[in-house]
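Heads up: the structure comes next, in structure tokens.
By convention in this document, chain letters (A, B, ...) are assigned in the order of the sequence lines, proteins followed by strands, and residues within each chain are numbered from 1. These numbers were taken from a predicted model, which means no experiment stands behind them.
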Protein chains: 2
Amino acid sequence: MARLPLYLRIAEESLRAGTATISSEELARAGGINSAKVRKDLSLLGSLGTRGTGYDAASLVMAIDEILGVTRDWPVVIAGVGNLGRALVNARGFFTGGYRLVGIVDTEPSLLGTMVGTSIVETFEAIEQRLASPPAIGVITTPAEAAQDAAQALVRLGVRSILNFAPRFLEVPSDVHVRYVDLSMELQILSYHATLGREDEQHDVASVSPIRSVASKVQGS
Amino acid sequence: MARLPLYLRIAEESLRAGTATISSEELARAGGINSAKVRKDLSLLGSLGTRGTGYDAASLVMAIDEILGVTRDWPVVIAGVGNLGRALVNARGFFTGGYRLVGIVDTEPSLLGTMVGTSIVETFEAIEQRLASPPAIGVITTPAEAAQDAAQALVRLGVRSILNFAPRFLEVPSDVHVRYVDLSMELQILSYHATLGREDEQHDVASVSPIRSVASKVQGS
DNA sequence: ACGTGTGAACTAATTCACAGCA
DNA sequence: TGCTGTGAATTAGTTCACACGT
């Protein structure tokens, strides 16, 4: 289920805040969703909650860690050294847990050998030679025109999962999983809602509780 | 509908390629979805297609442009000057069409006055003074801790739509629309699928047509 | 009491299948 | 003949509502 990472994040935050136990209602509020949905989702990981009390945050984190394999080792290769590729390499919070950058690839000759973060840009051949075992995940941050070639090269490397930021559908073998993130599409979807007026709200919390203090200084912290 | 930007992109590509007409089957293949879904979606923009022929790419582009308001003017403010904020400012393809960067905001004093792309980083107060009309869209690329404050400040500026990259649910008035993009969550979802083996495929095209030439040189182009 | 776990009801989304028009 | 547009059927996802354990 695609919401497990959300619950994981909230449970971790709860732990950091010193709260040992968290109810489905609290998880729902922090995630902007319905509490029944939270319980349905969590119930299919087994019975983790205690009736009358809620969920133990630590057990919840461990259970979701286990399912997602977040603590396992996930070697990641990035294909495409553009603004976005560079940002991901340097962004705090992207390579967390077991997600570990093992290589950066580009086809542009002038970029080969240059440093991006702590990695050196290389060719697909070079990385294939260098790595003992194939990377698990490939991230595509190339222009759209190069994305399909990059995908095929990543599959050849042994990648089983691809995160594609290029605005292009990828044809890959059926056992390779692809997720698409198209940033310009996100803007267009936002303006669609702004254009056609409001229809319905995703997050019931938002419509129930208006923001607390609009007048308060917000950039001072 | 959230798939309209996808159809827009494909229709535009089709036009650029010199193809004046495109069928639901072609749109479906290029988008990795089902052709019936394409027809259902497009039918509720009115009858744009010609039976026996397909859709006229140019009319399709115009119709979707109209609905999404892509050609209208959309002033955008970015809050948060980190790796991602900088990448978005400089990324080709993010600020296209009517989406126009009108300001960059941060609370970190040392960043104020510095250049990012062609913009100068300023405070929320400064931008409020400077802009004649409120920006339509806000993009949050701050750390999670600062995201809620940034959201409130953006709403105060008059923003009606927010694209939030911070891993945090935002409480905003119900007439403000928020979309969430959590990049580390994307990695976790990918590894979830890799961990629990394959279940079903999203894109039927992928399972029907294996990639054409795995053995071909892919990074040579 | 309180909050989980879950059948049942409901709502939304997808896919089928085909009538109807170019 | 080919492809759209769309009712009908199907499937998925969400929400309700409450029995049950603690």
Side-chain angles (χ1 to χ4, degrees), chain A residues 1-7 10-11 14 19-61 63-64 67 169 189 192-193 199-208, chain B residues 1-7 10-11 14 19-61 63-64 67 169 189 192-193 199-208:
Chain A
M1 193 64 74
R3 279 185 299 266
L4 288 182
L6 177 66
Y7 303 141
I10 299 169
S14 169
T19 318
T21 192
I22 188 166
S23 70
S24 62
E25 188 54 43
E26 292 171 295
L27 279 162
R29 200 164 22 244
I33 53 177
N34 184 291
S35 69
K37 207 190 286 187
V38 174
R39 291 198 297 279
K40 260 269 156 66
D41 288 345
L42 294 185
S43 72
L44 50 81
L45 316 188
S47 283
L48 293 166
T50 312
R51 293 171 192 227
T53 312
Y55 299 87
D56 178 62
S59 334
L60 197 55
V61 168
I64 302 180
I67 300 262
F169 171 69
I189 297 170
Y192 164 74
H193 283 102
E199 306 194 81
D200 58 272
E201 292 311 308
Q202 293 264 65
H203 300 287
D204 45 15
V205 172
S207 44
V208 169
Chain B
M1 194 62 75
R3 278 185 300 266
L4 288 182
L6 177 66
Y7 303 142
I10 299 169
S14 169
T19 320
T21 192
I22 187 167
S23 71
S24 63
E25 187 53 45
E26 292 170 296
L27 279 162
R29 199 165 22 243
I33 53 178
N34 184 291
S35 70
K37 206 191 286 187
V38 173
R39 290 198 298 278
K40 259 271 156 63
D41 288 344
L42 293 184
S43 72
L44 51 81
L45 315 187
S47 283
L48 294 167
T50 312
R51 293 170 191 228
T53 313
Y55 299 88
D56 178 62
S59 332
L60 198 55
V61 168
I64 301 180
I67 301 262
F169 172 69
I189 297 170
Y192 165 73
H193 283 101
E199 307 194 81
D200 58 272
E201 291 312 308
Q202 293 263 67
H203 300 288
D204 44 15
V205 172
S207 44
V208 169

(message) When you measure from the side chain of B:Tyr192 to the backbone of A:Ala2, do you find a donor-acceptor pair of N or O atoms at a distance under 3.5 Å?
(response) no
(request) Would you please confirm or rule out a distance under 4.0 Å between OP1 or OP2 of C:dC16 and any side-chain N or O of B:Asn34? (result) yes
(request) Report the distance from atom CG of B:Asp41 to atom C1' of C:dT14, rounded to the nearest whole Å. (result) 10 Å
(request) May I ask you to evaluate whether A:Tyr55 reaches the phosphate of C:dC2, defined as a side-chain N or O under 4.0 Å from OP1 or OP2? (result) no
(request) Tell me which nucleotide among C:dA17, D:dC18, D:dT15 gets nearest to the side chain of B:Ala36. (result) C:dA17
(request) Would you tell me if any nitrogen or oxygen in the side chain of B:Arg3 comes within less than 4.0 Å of OP1 or OP2 on C:dT14? (result) yes
(request) Please identify each residue that fulfils side-chain hydrogen bond (donor to acceptor under 3.5 Å, both in side chains) with B:Ser23, with sequence neighbours left out. (result) B:Glu26
(request) With sequence neighbours excluded, tell me which residues meet salt bridge (charged side-chain N to carboxylate O under 4.0 Å, His left out) with B:Arg3. (result) B:Asp41
(message) Can you say whether a donor on the side chain of B:Lys40 sits under 3.5 Å from an acceptor on the base of C:dT14, or the other way round?
(response) no
(message) Among residues 20-27 of chain B, which ones have heavy-atom contacts with DNA chain D below 4.0 Å?
(response) B:Ser23, B:Ser24
(request) Taking the side chain as every heavy atom from C-beta outward, state whether B:Leu27 and B:Leu42 have any pair of such atoms under 4.5 Å apart. (result) yes
(message) Below 4.0 angstrom, which residues in residues 42-52 of chain B have at least one non-hydrogen atom near DNA chain D?
(response) B:Ser43, B:Ser47, B:Leu48, B:Gly49, B:Thr50, B:Arg51, B:Gly52
(request) For A:Met1 and D:dT14, give me the distance from atom CE to atom C1', rounded to whole Å. (result) 11 Å
(request) Starting at CG of B:Leu48, measure out to OH of B:Tyr7 and round the result to the nearest 0.5 Å. (result) 12.5 Å
(message) If the condition is side-chain hydrogen bond (donor to acceptor under 3.5 Å, both in side chains), which residues does B:Ser59 pass it with, not counting sequence neighbours?
(response) B:Asp56
(message) Restricting to side-chain contact (heavy atoms from CB on, under 4.5 Å), what partner residues turn up for A:Ala36, sequence neighbours left out?
(response) A:Asn34, A:Arg39
(message) Please check: side-chain N/O of A:Ser35 versus main-chain N/O of A:Ser24, any donor-acceptor pairing under 3.5 Å?
(response) no
(request) For B:Arg39 and C:dA17, give me the distance from atom CZ to atom P, rounded to whole Å. (result) 13 Å
(request) Please state how far atom NZ in B:Lys37 lies from atom P in C:dA17, giving the value in whole angstrom units. (result) 17 Å
(request) Taking the side chain as every heavy atom from C-beta outward, state whether B:His193 and B:Ile189 have any atom pair closer than 4.5 Å. (result) yes
